[in-house]
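Structure first, commentary second.
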Amino acid sequence: MADVQIELPDGSVKQVHSGTTPHDIALSISEGLARQSLAARFNDQLIDLTRPLDTSGKLALITPNSPEALEIIRHSCAHLMAQAVKELYGDEVQVTIGPAIKDGFYYDFYSESKTFVPEDFPVIEAKMAELAKQDQPVTREVMTRHAAVDLFREMGETYKVELIEDLGEETVSLYRQGDFVDLCRGPHVPRTGVHKAFKLTSLAGAYWRGDEHNAMLQRIYATAFLNKKDLKAHLERLEEARKRDHRKLGRELDLFSFNEEAGGGLVLWHPKGAMLRTIIEDFERKEHLKRGYDIVVGPQILKTDLWKMSGHYENYRENMYFTEVDEQGYGIKPMNCLAHMLIYKSKPRSYRNLPVRYFELGTVHRHEKSGVLHGLLRVRGFTQDDAHIICRPDQIDAEVKGVMRFVQDVAGIFGFDYTMELSTRPDKSIGSDADWEQATKALRSALEDSGQPFEINEGDGAFYGPKIDVKLKDALDREWQCATIQCDFTLPERFDLTYVGADGEKHRPVMLHRVIVGSIERFIGVLIEHYAGSFPLWLSPVQAIVLNVTDNQADYAQEVYEQLRSAGVRVEVDLRNEKLGFKIREAQVAKIPYMLVIGDREMEQRTVAPRFRDGKNLEPVSVDDFVAFVAAETAAFK
RNA sequence: GCCACCCUAGCUCAGCUGGUAGAGCAACUGAUUCGUAAUCAGUAGGUCGUCGGUUCAAGUCCGAUGGGUGGCUCCA
């Protein structure tokens with residue numbers, strides 16, 4: 001048998017016989033290492049511990065401390081769950097796929113007769129624990145495609161058969177533990193006994209291969225960790241995240257509500273929520289004016305014929321609301337671009353006056369499928385901080401960069417981390433190659449200039465142009481698209497937008513659709529979770545509340561309240577005959593930044609004693625000083 | 001839209017295998033005037049999402065429908 005050279009991470013080289021496994025090598029180092037190891041990395045490829053090595057190369061053992069460990073454990077745990085399900089429900093259920101995902105794993109099952117319910121979880125978990133306790137060896141075997149197809153067909157696993165047939169490989173690898181066999185690339189942990197900390201978390205429907213025309217599978221979500229302590233910590237984190245759910249906080253802080261008689265996905269903004277909106281809208285108007293945008297306002301409904309001309313009727317009709325009066329059809333706007341185009345078209349344009357930047361806090365309505373509605377994050381009526389930049393082709397680059405800076409500035413003010421994606425030309429698209437190339441280049445160069453990492457979604461652009469998407473995360477780490485910049489070649493064409501160039505001829509401008517926060521509703525939803533409801537002073541719907549200790553200071557407290565209110569501070573006063581501790585608690589629960597306590601001392605000295613919501617008491621200050629403080633903080637977006 | 005689950009007082013929740021509803025908080029009333037996260041006592045409040053069915057009898061079982069939750073598909 002030929003020798004091979006195995007280089008270990010510490011640089012040492014072991015001379016071993018071909019066919020030696022990573023497990024053997026681990027054992028030669030120490031028994032503890034061999035016992036702990038879960039898998040191995042050989043020349044940048046993850047392999048099983050029991051995989052014979054027949055070439056020289058670099059080997060690293062994957063132990064629980066390795067970054068890859070969790071993913072391998074979760075993937076293996078998905079097999080354990082499938083094994084348990086097969087043992088419990090046997091031929092009633094077919095297995096499909098079961099990958100590791102962020103924070104856990106899932107497995108999709110198909111069954112005509114068995115419907116999983118949450119009550120099955122403890123039963124499945126118990127079976128998993130039983131199989132883990134048996135510490136069955138997990139073995140890999142390789143067979144030809146035909147043999148594998150025959151095997152799974154015999155077992156009645158038609159989904160596996162389909163997978164193997166579509167794989168197009170001559171040989172496939174299977175993993176076996178006990179009586180359970182699954183098609184899988186691996187690698188897997190060596191024994192089922194590795195699984196000590198797992199929990200089934202939820203049930204969901206999922207289409208086979210993600211296609212809604214396919215069968216609906218039953219997906220069981222679960223999670224697994226290296227040990228029980230990590231699992232417990234993870235479950236506690238989830239619990240914490242649920243506390244900052246914007247739907248819960250929205251009710252508790254009395255910001256907004258929904259009403260089923262009004263309709264799903266239609267937000268009712270209560271006074272405090274509407275205040276928050278107003279603050280953000282005022283901020284938006286100011287920031288847009290600063291950056292050379294013009295504010296415009298379009299109508300809520302436009303004639304159906306116009307939506308036909310724009311292509312929305314053809315491509316977006318099922319998402320639109322229509323109405324008819326006096327035999328004239330109208331469409332309620334799902335986007336703001338049409339009115340902006342008409343404004344542009346209202347008079348001849350010169351190349352000298354481009355770009356035009358039309359900004360509108362435009363309220364749109366889209367009929368979203370009922371199952372996708374989600375608090376403020378996915379609604380049917382929302383207001384976008386929408387703008388359309390109509391420019392010469394040579395101006396795209398500078399305009400896109402300007403928008404990117406705008407996005408970064410705003411993200412910085414709110415303290416958001418975000419991820420960015422560039423989506424390029426899809427198969428079905430319109431516009432010339434040159435247009436696409438120029439626009440994509442402009443977007444890419446703006447992204448590169450931003451200095452932030454970004455991902456590329458090849459072929460994921462809109463049919464009318466490439467786009468940049470910026471995504472923010474909610475409390476549960478789900479990503480929500482907020483800002484987006486899209487190049488559009490279609491609408492200027494369809495609406496015959498032109499400008500007169502230096503040559504006296506008519507030319508076609510380019511249009512950029514862009515939003516900075518996206519939908520105000522969604523943004524506020526994410527914002528609530530981001531701040532866990534404790535908004536910074538400049539955003540707080542109520543910035544301060546005046547609290548008197550006893551009735552004795554009621555008149556002075558009222559006077560302070562009026563003084564603050566007329567100075568522009570968003571302030572409330574609580575003169576109820578309650579103990580101070582009670583009033584503080586209520587203000588605290590309402591997450592009001594400053595409580596201004598007034599007792600006899602403050603009344604005598606004509607001051608207020610501020611208490612911040614973190615519990616810290618500040619030195620008593622005069623009302624004027626407090627007003628100045630609020631103004632300074634607000635100006636600094638604190 | 002699809003799959004599963006949920007829907008009891010304003011909120012959070014109890015209500016066993018069917019025998020026409022209960023708590024805490026909030027609200028209201030009264031007493032208490034008390035300096036940094038809950039003073040005490042009392043009162044009121046629900047045709048158990050809606051419609052239909054089974055049953056002598058349904059919050060509890062069945063069906064439909066509305067809304068919601070977690071996903072899938074789609075998307076700001």
Side-chain angles (χ1 to χ4, degrees), chain A residues 101 106 108 115-120 201-221 242 245 247-248 251-252 254 257-265 316 318-319 334-336 362 364 366-380 382-386 462 469-472 476 478 480-484 486 513-523 525-526 547-554 576-590 595-602 609-613 615-618:
Chain A
I101 51 171
Y106 66 78
D108 285 347
T115 301
F116 290 105
V117 292
E119 286 70 41
D120 294 329
T201 50
S202 66
L203 281 168
Y207 300 109
W208 168 237
R209 300 194 148 177
D211 185 333
E212 62 180 321
H213 304 294
N214 286 343
M216 179 60 77
L217 307 173
Q218 300 181 59
R219 175 170 298 179
I220 301 180
Y221 281 93
R242 273 187 262 277
D245 188 312
R247 292 163 299 186
K248 184 173 152 67
R251 189 174 48 242
E252 288 171 1
D254 199 14
S257 65
F258 294 90
N259 182 303
E260 68 173 88
E261 287 177 296
Y316 207 70
E318 62 281 11
N319 282 298
M335 298 181 193
N336 303 300
V364 297
R366 301 180 183 174
H367 182 81
E368 300 289 347
K369 291 178 179 180
S370 63
V372 305
L373 300 177
H374 183 93
L376 291 181
L377 299 181
R378 190 82 182 265
V379 293
R380 287 186 172 148
F382 57 101
T383 300
Q384 294 178 300
D385 61 339
D386 203 1
D469 291 326
V470 180
K471 295 182 173 176
L472 306 181
L476 289 173
R478 291 175 293 210
W480 295 93
Q481 184 173 319
C482 289
T484 174
Q486 308 183 350
H513 306 251
R514 48 104 286 183
V515 290
I516 302 296
V517 307
S519 136
I520 303 275
E521 280 75 5
R522 174 174 291 181
F523 187 68
V526 179
L547 309 176
N548 58 333
V549 178
T550 70
D551 284 351
N552 189 38
Q553 309 91 26
R576 292 174 305 168
N577 173 21
E578 295 288 351
K579 291 167 82 168
L580 182 63
F582 180 78
K583 294 186 190 184
I584 297 235
R585 181 185 151 76
E586 286 206 346
Q588 189 81 36
V589 169
M595 290 152 241
L596 305 178
V597 176
I598 292 177
D600 287 334
R601 283 201 299 278
E602 288 75 22
R611 174 193 197 273
F612 191 59
R613 67 183 155 207
K616 279 201 193 86
N617 290 317
L618 281 61

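In what follows, chains carry the letters A, B, and so on, assigned in the order in which the sequence lines appear, proteins first and then strands, with residues in each chain numbered from 1. Heavy-atom basis, side chains included; hydrogens, waters and symmetry copies ignored.
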**Item:** Atom-pair distance (CG on A:Asp211; P on B:C74), nearest Å
**Value:** 9 Å
**B:A37 versus B:C48 - spacing of their C1' atoms, nearest Å** = 35 Å
**Message:** Taking only the C1' atom of each, what is the distance from B:C56 to B:G63 in whole angstrom?
**Reply:** 22 Å
**Request:** Find the partner of B:U43: check Watson-Crick (N1-N3 plus N6-O4 or O6-N4) and G-U wobble (N1-O2, O6-N3) distances, both under 3.5 Å, and reply none if neither fits.
**Result:** B:A27
**Request:** Look at the side chain of A:Arg378 and the base of B:C74, then say whether one donor and one acceptor between them are separated by less than 3.5 Å.
**Result:** yes
**Request:** Flag as yes if A:Phe382 stacks onto the base of B:A76 (centroids under 5.5 Å, planes under 30°), otherwise no.
**Result:** yes
**Message:** Between the base of B:U33 and the side chain of A:Asn552, is one N or O donor paired with an acceptor at under 3.5 angstrom?
**Reply:** no
**Asked** With a non-hydrogen cut-off below 4.0 angstrom, is A:Gly371 in contact with a base, only sugar-phosphate, or nothing?
**Response** base
**Item:** Length of the line joining A:Leu377:CG and B:G68:C1', which is rounded to integer Å
**Value:** 15 Å
**Request:** Hunt down the Watson-Crick or G-U wobble partner of B:C34, both distances under 3.5 Å, from any strand shown, or write none.
**Result:** none
**Prompt:** How would you label the contact of A:Phe582 with the nucleic acid (heavy atoms, under 4.0 Å): base, sugar-phosphate, or nothing?
**Reply:** sugar-phosphate
**Who pairs with B:A4 - Watson-Crick or G-U, where each distance is under 3.5 Å** = B:U69
**Request:** Any strand is fair game: report the nucleotide pairing with B:A64 by Watson-Crick or G-U wobble, both distances under 3.5 Å, or none.
**Result:** B:U50
**Prompt:** Rounding to the closest angstrom, what is the interatomic distance between B:A44 and B:G24 at atom P?
**Reply:** 14 Å
**Request:** Using both distances under 3.5 Å as the test, list the Watson-Crick or G-U wobble partner of B:A14, or none.
**Result:** none
